[in-house]
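All figures in this text were calculated on a predicted structure; none of them were measured in a lab.
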Amino acid sequence: MVHFNDIVAPQALATDVSANGKRPLFQKIAQLAASAYGLDAAAVSDALFERERLGSTGFGGGVAIPHAKIPGLERMSGVVVQLNPPLAFDSVDDAPVDIVFALLSPVDSGAEHLKTLARVSRYLRDEGHVARLRGAKSAEALHALLAGGEARDAA
């Protein structure tokens, strides 16, 4: 089983991120992914945007989980950003998004991609988890929450 601290590098987290649209947001996420995982930023941004064109990944409550399969990626990887101000995201509840967990998967990940996406979704449906993520004031605090939250939930 993949744990969040195994897929989200400390360098792939950011708080107080500002973006004036989905494409600029995906570009910022892609820059974090490029820095943390050595990926091509343009390829990541394009893949996230193409997936988003199929339908919004904003699932309500101010949370979005954009996701894409990335050629050349060897393992599941995540990027988590806290937006300020929140961004209109065409979410199911029409609420703007302020917590984004981008999931990047290898092209051949199939079932692993779906299982990890489901785990991320379950974690972010918990209002307590989301409230704590919103309260984080640094990337380090986000990392501590993601690494520790799962351990508490598994106990």
So which pairs with a foot in residues 72-109 pass ring-ring contact (aromatic ring centres under 6.0 Å, His included), sequence neighbours left out? Phe4-Phe101
Where at least one partner belongs to residues 102-111, residue pairs that pass side-chain hydrogen bond (donor to acceptor under 3.5 Å, both in side chains), sequence neighbours excluded: Ser105-His113
Using the side-chain contact (heavy atoms from CB on, under 4.5 Å) criterion, which residues pair with Asn20? Sequence neighbours excluded. Pro24
Under 4.5 Å between side-chain heavy atoms, hopping through other hydrophobics if needed: is there a path connecting Leu104 to Phe59? no
Sequence neighbours excluded, which residues qualify as side-chain contact (heavy atoms from CB on, under 4.5 Å) partners of Gln82? Thr15, Ile99, Ala136
Of all the heavy-atom pairs spanning Leu13 and Leu146, show the shortest one and how long it is. CD2-CD1, 3.8 Å
With heavy-atom distances below 4.5 Å as the criterion, would you say the side chains of Leu133 and Leu142 are in contact? yes
Donor-acceptor list for residues 36-49 side chains, cut-off 3.5 Å, not counting sequence neighbours:
residue	atom	partner	partner atom	Å
Tyr37	OH	Ile7	O	3.0
Tyr37	OH	Ala9	N	3.0
Tyr37	OH	Gly78	O	2.6
Asp40	OD2	Ala42	N	3.4
Asp40	OD2	Ala43	N	2.7

Do Leu32 and Leu87 sit in one hydrophobic cluster, given that two such residues count as connected whenever their side-chain heavy atoms are within less than 4.5 Å of each other, even indirectly? yes
Distance-only donor-acceptor hits, side chain of residues 62-76, under 3.5 Å, sequence neighbours excluded:
residue	atom	partner	partner atom	Å
His67	ND1	Ile65	O	2.8
His67	NE2	Arg51	NE	3.2
Arg75	NH1	Asp6	O	2.6

Non-hydrogen side-chain atoms of Val17 and Ile29 separated by less than 4.5 Å: no
For the residue pair Asp93 and Gly61, what are the closest heavy atoms and their distance? OD2-N, 2.8 Å
So, Glu112 and Lys115, do they make that salt bridge, N to O below 4.0 Å? no
Co-membership, hydrophobic cluster, residues Val97 and Val81, 4.5 Å side-chain: yes
Contacts of type side-chain contact (heavy atoms from CB on, under 4.5 Å), residue Pro86, not counting sequence neighbours: Pro96, Asp98
Are Leu83 and Leu145 in one and the same hydrophobic cluster, where Ile, Leu, Val, Met, Phe, Trp and Tyr link if side-chain heavy atoms are under 4.5 Å apart? no
Does Lys22 have any salt bridge (Lys or Arg N to Asp or Glu O under 4.0 Å) partners at least two apart in sequence or in another chain, and if so, which? Glu52, Asp90
Contacts of type salt bridge (Lys or Arg N to Asp or Glu O under 4.0 Å), residue Glu140, not counting sequence neighbours: none
Across all chains, not counting sequence neighbours, the side-chain contact (heavy atoms from CB on, under 4.5 Å) partners of Asp16 are Asn84
Considering residues at least two apart in sequence or located in another chain, which fulfil the ring-ring contact (aromatic ring centres under 6.0 Å, His included) criterion with Phe26? none
Taking every non-hydrogen atom, the tightest pair across Ser18 and Pro85: OG-CD, 4.1 Å
Mind checking salt bridge (Lys or Arg N to Asp or Glu O under 4.0 Å) for Arg125 and listing every partner two or more places apart, or none if nothing turns up? none
Output the distance between atom CZ (Arg134) and atom CD (Glu127), rounded to the nearest 0.5 Å. 9.0 Å
Answer yes if Val130 and Val79 sit in the same cluster of Ile, Leu, Val, Met, Phe, Trp and Tyr residues linked by side chain heavy atoms under 4.5 Å apart, and no otherwise. no
In this structure, CG of Leu114 is separated from CZ of Arg119 (nearest 0.5 Å) by 13.5 Å
Quick check for you: to the nearest 0.5 Å, what is the distance between His129 atom NE2 and Leu124 atom CG? 9.0 Å
